[in-house]
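Some notes on the structure that comes next.
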There are 2 protein chains.
Amino acid sequence: MDQHAMDRYIKSMIKEAGHRIRNSFLSDISVDTKAHANDLVTNVDKEVEQFFIRHIREDFPTHRVFGEEGFGDNIEELSGTVWLLDPIDGTMNFVHQRRNFAISLGIYEDGVGKMGYIYDVVNDDLYHAIEGGGAYYNDERLMPLFETAINESIIGMNAMWATPNRFVDHEATIRLVHDVRGMRSYGSAALELAYLASGRIDAYISMRLAPWDIAGGMVMAKEVGAVASTFSGGPINLLESDTFVAANPSIHGKLINEYIKPKHP
Amino acid sequence: MDQHAMDRYIKSMIKEAGHRIRNSFLSDISVDTKAHANDLVTNVDKEVEQFFIRHIREDFPTHRVFGEEGFGDNIEELSGTVWLLDPIDGTMNFVHQRRNFAISLGIYEDGVGKMGYIYDVVNDDLYHAIEGGGAYYNDERLMPLFETAINESIIGMNAMWATPNRFVDHEATIRLVHDVRGMRSYGSAALELAYLASGRIDAYISMRLAPWDIAGGMVMAKEVGAVASTFSGGPINLLESDTFVAANPSIHGKLINEYIKPKHP
């Protein structure tokens, strides 16, 4: 399947999955917790991941799937074609708000991001990117990011990281909160990366993200010139959870050099 | 004009104002600052306020208007009918994101909230409330808020208030950040109040809000049973800026008694 056909196939599958998610609002949703009391998962997360996997296994039997809910393959390296999938990124929003969550999907070949998709299900807004072919918001091409400065930036970050925590020196984060134009927190890494790629926020910072949270967004970010790294400036490892900062290229260096001080670099 | 006719009149005016705001995206928007570098105002805020005032003065010559941009009346008390208007609540989002801002309007008679409107312009989502007649999201009636608990709540608040500041003891705010299920920050008081009324967040907290930021949302909040007060638990004064907490009634008392510690009560 060539890339254009593949793109059409993926969009069609994502829209169908979105339809299933919107339909789920009509029936009861059962909510469980995972690693801790605020780490939520629902039957819908699981069903949507299985829906994707069923189609991918049937139509691309040699591809592997790395999915948040664990119905995919046991991925220990990224050779070949791997689909990194979060069926509902922002499950807390899904449960409490019935909005502000997304389907997040990245297609990687031998570890290189080829295609990325973030679907804001309730607003029916689809962001996508093709490596070397640009990033798009509902098929409108997104412009390369404009130069900006810290004091004119809006940063997506949870308030937690400006309070004492085990990941970063919160005093440095507090300086960031005071130096920027504004802080926002939306509760979905995928949507915040789509916002970054659209120039609506200028950076997104998180202490712990999993590969499926960011795989789609990283392809998108790269196409508009955004830079993504761990807090120590290293490359993102798509096999395990790690710290994460993606930013407009004109502020990425300053963020990691002056404002983000990891405790265990 | 009876209340139903008035409601239709207001909705029609708000939709027309929304249309003008969306059209403004097609031309250059000029941005100025007000009280400080991050307190933004644009020509569109001003033009939209003037649009409303022109119509209100023509059709309701005895009514007065209290508007953010100062084109209305000099309001020192709330006798008679007063329209409290923020033409664009969330101007920073308007400038940087072209979304996530709202028209906010409250109609008060002798200081009592009679009608409230919050219009999410880009999503074309209109929230409204009529005193004693309920609150609505696009004409779908909003339910009274369900009972909740702090550890199952999502709170709307800027990260700034978990850092050292002159308004509250930030150590208490930090405990709040750690005790709740999630923190969010959207950058528009009016939208966050609409979210509270819709049960999508369980409280909204801010150190300094002006009457026009909250006048519409307060009518809406009351109709679903939410409670609004200053940090010290006193009533909201719609003549000047003050601290503000609006919350699900099952957590409002706990918020002000245990988590919000004003420095100058």
Side-chain angles (χ1 to χ4, degrees), chain A residues 31 33 36-40 90-100 120 122-125 137 146 148-149 151-165 170-188 192 195-196 198-202 205, chain B residues 31 33 36-40 90-100 120 122-125 137 146 148-149 151-165 170-188 192 195-196 198-202 205:
Chain A
V31 183
T33 60
H36 55 82
N38 297 331
D39 185 11
L40 308 181
T91 301
M92 190 189 295
N93 287 345
F94 172 70
V95 170
H96 283 257
Q97 306 191 331
R98 301 281 195 261
R99 59 172 60 200
N100 300 326
D120 177 340
V122 170
N123 285 326
D124 190 25
D125 276 340
Y137 165 55
F146 291 111
T148 187
N151 67 359
E152 291 180 352
S153 293
I154 298 184
I155 310 288
M157 188 194 78
N158 196 294
M160 186 71 87
W161 316 124
T163 74
N165 69 81
H170 71 287
E171 299 289 350
T173 315
I174 287 171
R175 280 196 295 109
L176 179 65
V177 172
H178 288 261
D179 287 355
V180 299
R181 175 161 279 172
M183 302 296 296
R184 298 287 183 269
S185 182
Y186 300 101
S188 159
E192 294 186 68
Y195 268 35
L196 170 67
S198 321
R200 297 181 200 141
I201 61 175
D202 303 293
I205 299 170
Chain B
V31 183
T33 59
H36 55 83
N38 296 331
D39 185 11
L40 308 181
T91 301
M92 191 189 297
N93 288 345
F94 172 70
V95 170
H96 283 256
Q97 307 190 328
R98 301 281 196 262
R99 60 172 59 200
N100 299 328
D120 178 339
V122 170
N123 285 326
D124 190 25
D125 277 338
Y137 165 54
F146 291 112
T148 187
N151 67 358
E152 291 180 352
S153 293
I154 299 185
I155 310 288
M157 188 195 78
N158 196 294
M160 185 71 86
W161 316 125
T163 74
N165 69 81
H170 71 287
E171 299 290 350
T173 315
I174 287 171
R175 281 197 294 108
L176 179 65
V177 171
H178 288 260
D179 287 356
V180 298
R181 174 161 279 171
M183 302 296 297
R184 298 289 182 268
S185 182
Y186 300 101
S188 159
E192 295 186 69
Y195 268 35
L196 170 66
S198 320
R200 297 182 199 141
I201 61 175
D202 302 293
I205 298 170

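Chain letters run A, B, ... following the sequence lines, proteins first, then strands; residues in each count from 1.
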List for me each residue that meets salt bridge (charged side-chain N to carboxylate O under 4.0 Å, His left out) alongside Asp124(A), sequence neighbours excluded, and say none if there are none. Lys15(A)
Return the option, out of Arg181(B), Gln97(B), Glu171(B), with the maximum number of heavy-atom pairs under 4.5 Å with chain A. Arg181(B)
Is any side-chain heavy atom of Arg184(B) less than 4.5 Å from a side-chain heavy atom of Asn100(A)? no
Interface residue of largest heavy-atom contact number with chain B, from Thr173(A), Val180(A), Leu40(A), under 4.5 Å: Leu40(A)
Would you be so kind as to tabulate the donor-acceptor pairs closer than 3.5 Å made by side chains of residues 152-163 of chain A, with sequence neighbours excluded?
unit_1	atom_1	unit_2	atom_2	d
Ser153(A)	OG	Ala149(A)	O	2.7
Asn158(A)	OD1	Met160(A)	N	3.0
Thr163(A)	OG1	Met160(A)	O	2.7
Thr163(A)	OG1	His178(B)	NE2	2.8

Side-chain touch Asp39(B)/Thr33(B), heavy atoms, less than 4.5 angstrom: no
Which atoms of Asn165(A) come close to chain B, meaning under 4.5 Å heavy atom to heavy atom: side chain ones, backbone ones, both, or neither? neither
Given heavy-atom pairs under 4.5 angstrom as the criterion, report whether the side chain, backbone, both or neither of Arg98(A) touches chain B. neither
